[in-house]
Amino acid sequence: MKIQQTLVLIKPDAVQRGLVGEIISRFERKGLKVVALKMLHMDEALAKRHYAIHEGKSFFAQLVAFITSSPLVAIVFEGAEAVEVVRRLIGETNPLQATPGTIRGDFGLDVGHNLIHGSDSEENASGEIELFFSPGKLLGYQREVDKWITGP
Ligand code: IDP
Ligand code: MG
């Protein structure tokens, strides 16, 4: 069991649909800790850096247009195996295939409007976190309840 940090973006569609609280709640109830959080409107330059791995794919232009279309919420969550835990709570990329009980499985119908981003590896998480938050913005703090979540 390894304590990790991972980046979550609550995408413009989820913000517009009033699902920010619902989505944050799911991670909080799982036991993950918010260590940084902000709302921003991504510009094209940041979108292209964040999604650089998808440059050249058929959906790239559509993806950049979508993610820059309206504000989103960026969050760093910390906790045991946070990278994989977040990906599992999010569900498959295409909401049509995502298991009910996951965020995409419960709220989405379209791959281009899949509500949320989560880093897919610890290495990518650290690069993505740096894109959105300077190191001083990640808050280290203790929660009394953590001993009831991950043990002493
Ligand atoms: P992920 O978000 O589950 O990690 P990726 O394969 O990394 O999925 O794709 C990044 C994002 O690009 C997806 O979340 C989705 O919004 C968008 N995307 C992926 N595939 C398609 C597609 O075939 N059509 C439109 N958008 C897509
Ligand atoms: Mg991805």
Side-chain angles (χ1 to χ4, degrees), residues 1-135 137-139 149-150:
M1 191 272 281
K2 186 175 181 195
I3 301 294
Q4 296 177 323
Q5 294 182 339
T6 191
L7 182 79
V8 162
L9 301 177
I10 302 178
K11 293 180 178 179
D13 52 334
V15 174
Q16 289 283 341
R17 290 174 58 190
L19 292 171
V20 173
E22 166 73 36
I23 289 171
I24 292 175
S25 278
R26 289 182 176 219
F27 297 117
E28 284 190 317
R29 288 183 311 197
K30 180 70 173 169
L32 297 172
K33 178 166 81 174
V34 176
V35 296
L37 183 153
K38 70 179 172 188
M39 191 168 196
L40 71 151
H41 195 142
M42 274 174 85
D43 63 17
E44 205 178 303
L46 180 57
K48 285 183 168 167
R49 286 183 73 190
H50 175 70
Y51 281 126
I53 196 171
H54 298 298
E55 205 157 355
K57 292 187 185 161
S58 58
F59 59 83
F60 184 69
Q62 189 190 334
L63 176 59
V64 170
F66 164 71
I67 207 76
T68 59
S69 65
S70 183
L72 54 71
V73 176
I75 307 171
V76 179
F77 282 106
E78 183 181 284
E81 309 290 342
V83 172
E84 192 190 338
V85 165
V86 163
R87 292 282 292 190
R88 288 170 73 94
L89 292 188
I90 287 175
E92 294 289 314
T93 302
N94 188 340
L96 292 175
Q97 274 124 39
T99 309
T102 65
I103 292 165
R104 288 169 174 164
D106 284 352
F107 299 115
L109 284 170
D110 176 48
V111 70
H113 298 83
N114 64 0
L115 303 138
I116 180 160
H117 166 84
S119 309
D120 64 5
S121 68
E122 194 168 25
E123 190 188 350
N124 287 340
S126 101
E128 291 176 2
I129 289 168
E130 272 179 37
L131 274 183
F132 288 85
F133 297 97
S134 53
K137 297 291 184 191
L138 302 179
L139 303 179
I149 298 170
T150 47

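As a basis for the values below, the full set of heavy atoms in this structure was taken, side chains included, without hydrogen atoms, waters or symmetry mates. One-based numbering, in listed order, for ligands and for the atoms of each.
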Within the structure, does G118 bring an N/O atom to less than 3.5 angstrom of an N/O atom in ligand 1?
no

Pairwise side-chain contact, I116 with L19, heavy-atom cut-off 4.5 Å (strictly under):
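In short, these two side chains do not touch, never coming nearer than 4.5 Å.
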
Report the part of [X] in contact with ligand 1, treating N, CA, C, O as backbone and CB onward as side chain, heavy atoms under 4.0 Å; options are side chain, backbone, both, neither.
X	answer
K57	neither
T93	both
N114	side chain
H50	neither
K11	side chain

Nearest protein heavy-atom contact for atom 2 (O) of ligand 1: which residue, which atom, what distance?
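Result: R104 NH2, 3.0 Å.
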
Atoms of ligand 1 less than 4.0 Å from R87 heavy atoms?
1 (P), 3 (O), 4 (O)

Atoms of ligand 1 under 4.0 Å from any heavy atom of H54, numbered from 1 in the order shown, are 5 (P), 6 (O), 7 (O), 9 (O), 10 (C)

Think K38 forms a cation-pi with F133, using NZ or CZ under 6.0 Å from the six-ring centre and within 45 degrees of its axis?
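Satisfied, under 6.0 Å and within 45°.
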
Under the rule for salt bridge (charged side-chain N to carboxylate O under 4.0 Å, His left out), what residues qualify as partners of R49, not counting sequence neighbours?
none

Keeping D106 on the side-chain end and P100 on the backbone end, is there a donor-acceptor pair under 3.5 Å?
no

Closest to atom 27 (C) of ligand 1 (judged by heavy-atom distance), picking from F60, F59, F66, Y51
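That would be F59.
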
Candidates I103, V86, T102 - the one meeting side-chain contact (heavy atoms from CB on, under 4.5 Å) with R26
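It is I103, the one option of I103, V86, T102 that forms the side-chain contact (heavy atoms from CB on, under 4.5 Å) with R26.
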
Only counting residues at least two apart or in another chain, list the ones meeting side-chain hydrogen bond (donor to acceptor under 3.5 Å, both in side chains) with E44.
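Testing E44 for side-chain hydrogen bond (donor to acceptor under 3.5 Å, both in side chains), a comparison that skips the adjacent residues, returns K48.
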
Reported CG-to-CZ distance for the pair L115 and R104, which is rounded to 0.5 angstrom
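Interatomic distance, L115 CG to R104 CZ, rounded to 0.5 Å: 8.0 Å.
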
